[in-house]
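In the text below, chain A, chain B and the rest are named by the order of the sequence lines, each starting its count at 1.
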Amino acid sequence: MTVTDTATTGHEAGRVTVLEASSVTMRFGGLTAVDDVSMRVHEGEIVGLIGPNGAGKTTFFNCLTGMYVPTEGTVTLKGAILPPKPLKVVRAGMARTFQNIRLFGNMTALENVMVGRYCRTSSMALTSILRGPKFKREEAATRERAQELLDYVGLGRSTELLARNMPYGDQRRLEIARALATDPQILLLDEPTAGMNPRETEETMGLIFKIREGGLAVVVIEHDMRFIFNLCDRVLCLVRGSLLVEGTPDQVQSDHRVIEAYIGGDDEEESV
Amino acid sequence: MPQRSVVAVGASLLVASLALAGCGTRGGEDEGDTGGAGSENKVAKIGVIAPLSGDLAALGKGISNSVDLALKQANESQAIPGWTLELAAEDDQATPDVGKNAATKLASDKDVVAVVGTLNSSVAQSVQPVLAAANITQVSPANTNPALTQGANFATAPERTYPTYFRTCTTDSIQGPFAARYLFEKAGIKEIATVHDKKTYGQGLVDAFTQEYTKLGGKIVAAETINPDDDKYDAVISKIKPSNPKAVYYGGEYPQAGPFSQQMKAAGLNVPLMGGDGIYSGEFIKLAGATSNGDLATAIGAPTEELASAKAFVEAYEAGGYADPYEAYGAYSYDAANAIINALKVSLADADSAEAARQATVEAMSKVSFDGVTGKVAFDEYGDTTSRVLTVYGVEGDAWKPVSTEEFK
Amino acid sequence: MSRRILPDSVRATHGPKAPWLALAGGILFLLSGLLSWSYDDRILGDLSIRFYPAGIQLYAMLFGVIGVILAVLLLRRPPWLSPARGLRILGTTGIVFVVWIIASVAYQSGGLINANEGGWVALVGAVLLTLAGHLSPEVDIDVRRWPRLSSTLEIVIIVVLMAILLFTVAYTLDIQDGVIFASFLIALIGLAGGLLGTGFGGYLGFIGANNRRPLLLAAFLVAFLFPFTQDGSDANMSIATQVLIFATTALGLNIVVGLAGLLDLGYIAFLGTGAYVAAMLSSSGFATIGWKPPFVVVMLIGAATAATFGLIIGSPTLRVSGDYLAIVTLGFGEIFRLAMFNLDGNNGPDLTNGPNGIPAIPDLELLGFDFGEVHTVAGIPLGRFSNYYFVLLLLLMFVMLVFTRLNNSRIGRGWVAIREDERAAEAMGVNTFGLKLLAFSVGAFLAGLAGTIKAHQDTSVSPDQYVFLESAFLLSAVVLGGMGTVVGVLVGATILKLLPEKLREVNDYRLLVFGLLLVVMMRFRPEGLVPSKRRQLEFHEEDQELSELLQAEHLQAEHLDPEQLEPEHLQGAK
Amino acid sequence: MDAFAQQLVNGLTLGSLYALIAVGYTVVYGIIQLINFAHGEIFMIGAFGALSTWLIFFDGNLALWVLPFMILGAILASVTTAVLMERIAYRPLRHAPRLAPLISAIGISIFLQEAVRLFYGSVPFADFPDAKQRVPFPQIEVVTGPAFQLGNVTIQRSALFTIGALIMCAAGLWYFVNLTKTGRAMQAVSQDPDTARLMGINVNRIIVVAFAVGATLAAIAGIAQGLQVTNINFRMGFLAGLKAFTAAVLGGIGNVWGAVVGGLTLGIVEAMAVQFIPGTFGGSPWKDVWAFALLIIVLVFRPQGILGARVVDRA
């Protein structure tokens, strides 16, 4: 892995900002899950998001992708403010995966990815019923693109398998393929290696680099520190909802506050 | 080798199925013949379409049994020489769809010449066209909706819609006015509230009542409707009560009328409730409880105790050993069947087959005239009964007692 | 999926006797047909005559014929057939069949004493067949290894089977007696199950999958030919038209329930909307609107009105949880019924004549073709109901087209995604709200369309035709038949409409049985009799075995088994 | 003003009935997020249970002291049915897709109605009337009979009984939920079933208790209905259940006090609609329409109901 070097040099000002979250705050009743967090992601950059359990990472993701309406703050994608509606966020070009895999278990791998193409295709009821040339063209294109993406993430041979019958690691990859099918400019990965063995983790890392090389920005939540520090250009550490440290992997790694936070971190569950 | 076996299996399946389809049932064909029991009489069937299952099964079975009784008596007395009459009863479940199926089934049976039924006006609406298309005479013992005989604009421009349709019961347009005259002239009640359940029967009664009552000079102080699915009427009663009516005229049937009467009195509105033959039932008194004393109802014909023919019917019915009572419409059904039999005496006399006599039966129906259980049975130009004798009954103790019998003119 | 009741040791020692047991069973059955079943000659089409089989006796003999065939097959032990399974089905159904008849004889003639020797002989035969089925060895069959026939021959098989189907249906409908009808159905299940269970059924399915178009064509041809088997009689056609209307509406509901996964408990209101619009715009003397446009326009107005109601009711409620939708649609159904009940001039404007409804709706007349008249085609008279039957069949085909095409499209995938995980679907860019609303309004549209024809076919509309129970019936056609499939709904609709019509004796218990059926189905087979594979998986989320089984079937269907990859059939499957 | 006061009384009476039934929906929903569609039938069974008790033991006796026994009989019938129903139709489906228990509930609902309709009149050990149509309900003295007059406002005795029953039941419920161990366990399960299970609470038992509590109140409502309208029938559960569900949603489903508030609100709205909506769309025929319209409006603008409830957003 020599990519780390290029990554560190890549983190410089003057590059195009893809995603900008400014002062995002999320409160549930009296509980402040995310407190005034700002984040900026540039083109072709891999940003890591770490923090102990319950630090609000997934909640922050949910705010970014419109699944939660943030109490305060705005999220902009390529300069345009994102409305807090998942649908519009995806259309604008941000896709995600889930911490606890949320595939469509009873669909085949191919169909899962084809669902991802939904927002980039347009056949509606009448077209589907009449089955004109436009419909056939679009359907063929969808299928082709989905197969391409499966090949891309290394699942080319599992096309017709039901998602629920696939091995755990493959399910994570399939989720990434499904997210990529929405033609995103930025990809949010929520613990993409959770439950993976070291070899699978390594493969996933390769895949993320490959995605970045395609010009996408990537934000990753992960508990595996080694993975994060090898992968990311920049790392943000959240603790109890607020941003503690931001910097290069080396900076964050050596920051004593981060270490303290991890040792003293409480073990509260968080979910989507 | 295996291939040949496949073909063999397939072929045997085919042969088996074809044999099956070809054979038909011996039993089904035999049944029709054995009914003749050795005589060379020709068979004519009279159908019945009525609810034989479900909530209204009791009324339906009363209809079917009464027709059966009439047919048996006719066969015994050889009323139509050379012919045996048979009953073909079909269940309509009080639903238009099912009723239509039953009618279609009867219409496609070549032996059927006439049908007694239906109980419900709504079912009649879907049965009428089917039977009319096949020229089958239909006589209803229970439909009271004037539109069935006189068309959509029965009040303004009556027009007969189906020449095959007759009925032995009076329509709402006679019962309502009869009640109005009784209340205004005999009981001396000049202020009244009306309530109906919006159904054909109830609304028809109240409309006819209101017209006559206001013409006589009475005053309708409140007019309300209820939903027959409801159990509680206190909201309606609260609306009526402040207008202080001296009686309430109710258009509808006993399942609602009984509780309405009870709740009315429990809410302090202590005036009599009057209704049509729909509430003239023992069930009404059970549901209305002790406070129903003094409530009134009209019913068609003179009280059965006063007519000799009615007594004979009741005795014959009881002797017939039927499991279910003849109920409210038994007498009308018996009369309906006898009206048909009278018409058949003419139409079947020199007919080759039952099917050939259908048209003649329809024509003969309009000339039928005899003294039936419910009074004189004859039909006017629309197919309605010409009998106009009605009786007012009142609740006394726990039974209905006749109050006054009169002919409506 | 074989159920082994007998222990392996017993099977091993007594296995070789199985063919002889089966043979004996078959012969006993054949014999029983020649014997008397009932002392009483007035019931069940007279079963008292010996050596002159008819009706039920004939069915018993058919059990015998198939039993003997299977016994012979078992003796020759073909490696590609599994007579054991066929025998088990045949035997078990045979027991049910015989017990049912003996019970009916005993009930109808007032005592078990009236059941004659034939039934008991047949009962022994049925037990022997079952025993043989459980004793004989199971063969794993792969129908794809059967010798291939030329594609013309395959099509011929399909056509012949369809012809048999047509005759069977015509024969079945001609049975008037409820008990005989039921026993024929049981016999049919046993006989078909006995033959098809051997692996022949799988083979037919295989042929069918390879010739999908000819199969569809043949099926529709059969449906179109059905009225010609009725010899001008309208009795069965009247039932058939009602089955068709019911099936069409249920199929529309299946889009909502089976595909989009939304529970609609007021669906009948949409059918009612169409019917009422058609009635109000018809030339009935009771029609309340003066405007009488041509029927094609009426159809569109009716369907559009229903769809609009769908949108109005759907848009607020589809945002909240599915349970709410169920209750709100139920409330909407009630609102519809009450509104139709009330809008009679007393309460609100006079639109519907209130509880009396709008009767005397004239027959349809399209392009000079009067639906009320008898038309003679090829010497066979086709009555009023046959005319409607054809139109309704076309409508059903249209709804089937809409159903399958929507299902196999981007929209269909979206619906599956919503059913699987609505939040994830939304996060993946699926317009969940829009798709749900689409399902809801398309369903309403189709029901409205069916309603306009129903009004003319019924000649009257009234509020009591559109009560909650009717919605529940529609829903159970979907649940019983199979969520998300066309065939399932057709099966469900036929069962629910035809059985009560034919088994009028037990009509009073119809609803009781029906309620129980819903509970039992949800408990043991929530996906219905003919489910879509996906729906089956969804209802058995924790059943890993099932998912692998269906997976294998899917791969097979997609011809991904490298050994069997044959390009021409790949095309056939598409 | 008289009309207003009169309809207020009517509305409160009606509302009390709705509230008693609505609690059953809301308690069960609060714990397992299941709409017990067949709850209306539990209400109906309660009424028939009371009637049966009276017919078997006290036929002809209309004294007040009979009433408590009838209540007991009603509760027994309702609770048994509800518990069996949970056991047979719902528990096996707890992890099935949402459609399954709802359809199962419809099945149960139809089954119970039909069972009463077909078999009530032919129960072997007792001489019960045929239940295919309305059956008269015993008019217990003191709680029925001449109405009280308050100026121009009529207050029926059965209305007082109904409102009184609601007050007593609400008090009992408050005590049960807040001061008993089972009640507090119930609250815990409704907050977080998984944690509750970890804390050693037998969730299955709590669910059964929830069904039983709902059934008890529905049984009392059944008697109140019988006394008010003087007759009962096998269909009475359908519309009442639907209205009570509306009331539960109105108050905020899952919230016990919401059900009470929602029930009273709905009752008053209905009564007022009959009196005060002018023109042809007013009056009794439209009151159900207005009730259901209210349900839809609430779902659009305030899906969590008047008092608010757990987040209703469950896919």
With a sphere of 6.0 Å drawn around NZ of A:Lys88, does it hold more than 12 non-hydrogen atoms of other residues, nucleotides or ligands? no

Select one option (side chain, backbone, both, neither) describing which atoms of A:Leu130 are under 4.5 Å from chain C's heavy atoms. backbone

What part of A:Ser122 gets closer than 4.5 Å to chain C, counting heavy atoms only: side chain, backbone, both or neither? backbone

Could you pull out the closest heavy-atom pair between A:Ile129 and C:Arg405, with the gap in Å? O-NH1, 2.8 Å

Side chain, backbone, both or neither: which part of A:Glu139 has a heavy atom under 4.5 Å from chain C? side chain

Please identify, among C:Val402, C:Ile411, C:Thr432, the residue contributing the most non-hydrogen atom pairs under 4.5 Å to chain A. C:Ile411

With rounding to the nearest 0.5 angstrom, report the CZ to CE distance, A:Arg117 to C:Met428. 13.5 Å

Among the listed options C:Gly434, C:Gly412, C:Ser409, the residue most often paired with chain A at heavy-atom distances under 4.5 Å: C:Ser409

With heavy-atom distances below 4.5 Å as the criterion, would you say the side chains of C:Val416 and A:Asn106 are in contact? no

Relative to chain A, which of C:Leu435, C:Thr404, C:Leu401 shows the most heavy atom pairs under 4.5 Å? C:Leu435

Interface moiety of C:Leu438 toward chain A, non-hydrogen atoms closer than 4.5 Å: side chain

Strictly distance-based, threshold 3.5 Å: is any side-chain N or O of C:Glu420 a donor or acceptor partner for the main-chain N or O of A:Gly105? yes

Might you point out which heavy atoms bring C:Asn408 and A:Arg131 nearest each other, and give the distance in Å? O-NH2, 2.8 Å

Under the criterion side chain to side chain contact (heavy atoms under 4.5 Å, CB included), I'd like the reasoning laid out for C:Phe433 against A:Leu87: C-alpha separation, chi angles, the key distance, then a yes or no. CA-CA 10 Å; C:Phe433 177 69; A:Leu87 208 62; over 6 Å; no

Less than 4.5 Å to any heavy atom of chain C: does that hold for the side chain of A:Ala95, its backbone, both, or neither? neither

Are any of the side-chain nitrogens in A:Arg164 or C:Glu538 under 4.0 Å away from the carboxylate oxygens of its partner? no

Is there a donor-acceptor contact under 3.5 Å from the side chain of C:Arg410 to the main chain of A:Thr121? yes

Note: A:Val115 and C:Ala417 closest approach over all heavy atoms is CG1-CB, 3.9 Å

To check you understand the geometry: which heavy-atom pair defines the closest contact between A:Phe98 and C:Ala427, and what is its length? CZ-CB, 3.6 Å

Just how far is it from atom CG of C:Leu406 to atom OG of A:Ser128, taken to the nearest 0.5 Å? 6.0 Å

Tell me, side chain or backbone of A:Met124 under 4.5 Å from chain C's heavy atoms, or both, or neither? both

